[in-house]
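Please read the structure below before turning to the comments.
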Amino acid sequence: MGLIGNWLDRWSERSTRNVAQRSSRRSALNRIGKLMVGSAFVLPVLPFDRTSQAHAAEARKRKQATDDTACDYWRYCAQDGYLCSCCGGTVSTCPPGTEPSKVAWVGTCRNPVDGKDYLISYNDCCGKTSCGRCMCNTSHGERPGYRLGLHNDVNWCMANDSSVFHCTTALIVGLPEGNA
Amino acid sequence: MGLIGNWLDRWSERSTRNVAQRSSRRSALNRIGKLMVGSAFVLPVLPFDRTSQAHAAEARKRKQATDDTACDYWRYCAQDGYLCSCCGGTVSTCPPGTEPSKVAWVGTCRNPVDGKDYLISYNDCCGKTSCGRCMCNTSHGERPGYRLGLHNDVNWCMANDSSVFHCTTALIVGLPEGNA
Amino acid sequence: MNSIAWARRSLLALACMGATVALADGLDSTGVVEMAPPTPQRLYVVDPAFPHMIDGRMHIVDGDTERYLGVISTGYSASVALAPDRKEIYVATTYYARLNHGERTDVVDIHDAQTLSWKGEIVIPTRHAQAMAARNVTQTSFDGHYLFVQNATPATSVTVVDLKARKVIAEVQTPGCWSVYPSPSVAGRFSAMCGNGSMLTVTLDAAGQVLSRRQSAPFFDPDKDPVFTNFDRYQGRYVFVSYHGQVHVADLSGEEAKFDAPWSLLNAADRKQHWRPGGYQLLATHEPSGRLFVTMHDKGEEGTHKDPAKEIWAFDLNTHQRVSRSPGYGAGGLAVSRGDKPRLYALNVEEAKITQVDVSGAKPRFLRTMQPIAETPIQLELQ
Amino acid sequence: MNSIAWARRSLLALACMGATVALADGLDSTGVVEMAPPTPQRLYVVDPAFPHMIDGRMHIVDGDTERYLGVISTGYSASVALAPDRKEIYVATTYYARLNHGERTDVVDIHDAQTLSWKGEIVIPTRHAQAMAARNVTQTSFDGHYLFVQNATPATSVTVVDLKARKVIAEVQTPGCWSVYPSPSVAGRFSAMCGNGSMLTVTLDAAGQVLSRRQSAPFFDPDKDPVFTNFDRYQGRYVFVSYHGQVHVADLSGEEAKFDAPWSLLNAADRKQHWRPGGYQLLATHEPSGRLFVTMHDKGEEGTHKDPAKEIWAFDLNTHQRVSRSPGYGAGGLAVSRGDKPRLYALNVEEAKITQVDVSGAKPRFLRTMQPIAETPIQLELQ
């Protein structure tokens, strides 16, 4: 938990400095995400960022605030994992029988409704094997492991009794300036 | 091993009695099997008999004796599993690091080259998790579990130190009458 | 808002694990979803996950909304049974200390069916049959007191687990026989189908001692017309079908199995077209209407007995008359929901799709085909 | 031929397990394939198998024939390293006593690279970082004596395993740092990249005691231009690239890391088009020709650093000049084979396809794109 505090502090420093360069990141995966809600397991399950180069930049601009089972949902700008919303959980709660991760990585995502930036905590849900539904991998603000609190290529169930990864939630843990 | 002997005896009795009604069974899976050699993991992995009704009967007639990585290879008439030929093994030997099953089910398949029936032993290869390549499921002569030696809906790695199923081989263990 | 305040809020949120409420100030807290109470249309889809058989699953899905409710890990080549009251799920499975090597441990895992959480395990002999998941390889006694688990080494036997005492009370040898068919009225009694066409019935006392062991006269000829081991129940009796479409109804309540005279699903025209039953969980009954549903295909021959359905046929179990023919939906498995609005669920094994058919009226009525669930679903149970 | 004879032959055949010969009389015997000796084009494809992460694999494939040679089970979220002589494969992984619950055991599994059989395990602390497989999280020392394994709890440390003695000799705390970069000349020495842009270098004696611990001055600004932790080697030095295309070459042989002056992959026109490196194993060197290959995409911006390649660029590591631009083949990972006929293997993570490019001449020449291998390949090693 102390580490999380540290990460948040570090993140907040960075966010202050870098706020101008943040942009709404959204991957072409949203379409894949949607397809997979419908036809998971028949279509290939695509775990990583499959962004088509041709459309990546354009795709990054779009995002939505209505369907949290799609990868272009605004909170998923730095997501990496199966969406818990497709796995029996919700955008912020774990599926039955799993346990929220004790530690998490964070990202900053812009809500298209109010145009403001929110601090998002990506808590994995742990204790059951991969959900396998609605893989979503985006990397806005993601950093290598030496900035571990911003790193999503590691299993954040690591500190739970069972470190087995099932899916990932996206919790609002910080509000835009002025809303606190 | 005693059980295998019993099954063989029982099988032989049956084969004598039923020889007239045996036909060359081959499932439409052969096409799927071929596809999967080429594109395993991107196409869905189809574990069971996906026989299209429209073509099943016709498909059953065809079989070949040249490509043992395809499900329509003649020895696979009662196959059920990933073809070891696609997994680093051969039609009769296991992939490196796996162990042949100590027990097996058997089938009778007609070799299109000489038109004669051979007794085939389907030995699983054991000790590594599912190969996942070239699934092939056919059921010529397959019978429920009360005829266990002719049953393919059970894991035949069951008697090995590791009962974990990897793939299935198809061994000639009985020659046509007159060739002994 | 400054960074310190954000950090504090986050720590607060993260400290509230287990709560499902969003904080009033717009911040989220971690938590776990509580499932709504079950409806008759809750589905339990058993998925051996062939490409990764070590990691089998049972998916829980709401048939009304198609919402994916959650999953249970079932380990390696599991067989699964629901408690009669659907409060618990029993999974007979195998674990190795190191995934695919090391010490083998077979257990019956017990899961809470409403929270989908693991409640505990009962260690069983390391002989559990690693069979394709199917009803006939693991079942509870009629009252949920015992669990019968098929073994194969390949010698066949049955492990009897006392679910109340959470321990194994017996292992019964059943050479040449296969399946566990619990008695509809005696908790410590089960039957098994045997290679000579007979039914073995074993009766145990509460301590697991064998009180009786009776083999019926053969009721079918396994060489001429094998009977599928899958089943459904009707009026406390077991309904089976054969490769060639004979229906066998068994009374397994007593010390020795009794059988009705078999009857055929086929008329002369059907026989000419070689209609046959085919699939895995290839038949389902609906008690209130006395109907039997069977997955059927034409042009049947040796080796087609697992082919998917070209049609689903319905029969009146009392008159033995066919009452409807429906599309097959490519089904290899069937199940009918209980309650006021019975639905037939037809599982297309190939495409992992489930078709819902309204069977509340005389004529089956197509409702919808659900989006694919699972990788390699093979068994389907209902609330 | 009668049934008894058939049975006898079969028993004989089944008794001959381990042999690979077909019997002279046309009957087969069970056996296990022996792999042909390795060629420089043998591929090791690390596949975390995301949809069933508990069942990760490393696939072994012949690059010349595309023949699938076999597989190693790597368990849950493993990191993998090959012995320098390619005789053994080391897998740092996690097992639970019951697949996803029960006691956790972390081990380094040792596999024979030629027989693909499991040779044994070394139990390590249950802190192994369950990271996306990548070179920088597990490596052997230059001489194969030690294995360095990244830990995360999320506090970071490194487990040091003596592979000769088959035991753990140390756990070194590396707070705020990530990766293991073994020294090219001192077996007990490794470095790690740190959050303040510096490199930490730790030197151990044979007993695992820390002899020295030196932090370099920062060599990059993680806020302005983060350096990817993946790497390849050139003339005993480590080559890294940054999000914005700076090349950092590090000498990690000594007690404290030293760095060449960084240089850029980009010219003014490239910068205008926002070309950037992107992917996972996003760079590879070819020693004899002094070339560096990098997966590049244009229109880069925040969040594109894992995007697949639009082009593969090659640079002369001595002159820092770009020497070729090739199609990207959608690659997210690169590796170059050793020996006379060097090939660049470009791993398309999305489609699980590997493209082979002949890099024996001055100009890269497309050879072929292999059929898909693995489900979710993310790391690629060569013989």
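In what follows, chains are A, B, ... by sequence order, proteins preceding strands, each numbered from 1.
Each of A:Ser163, A:Cys126, A:Cys157, A:Ala78 has some count of heavy-atom pairs under 4.5 Å with chain D, and the biggest count is that of A:Ser163. In terms of heavy-atom pairs under 4.5 Å with chain A, the best-connected choice from D:Arg127, D:His128, D:His305, D:Lys224 is D:His305.
With sequence neighbours excluded, the residues forming a salt bridge (Lys or Arg N to Asp or Glu O under 4.0 Å) with D:Arg135 are D:Asp232, D:Glu381, listed by chain and number. Residues satisfying the salt bridge (Lys or Arg N to Asp or Glu O under 4.0 Å) test with D:Asp55, not counting sequence neighbours, are D:Arg57.
Looking at D:Thr156, only its side chain comes within 4.5 Å of chain A, counting heavy atoms on both sides. For chain A, no part of D:Val137 is nearby; none of its heavy atoms comes within less than 4.5 Å.
When all heavy atoms are compared, the tightest approach of A:Leu83 to A:Gln79 is CD2-NE2, 2.8 Å.
Comment: A:Asp117 engages A:Arg110 in a salt bridge, judged by a side-chain N to carboxylate O separation of less than 4.0 angstrom.
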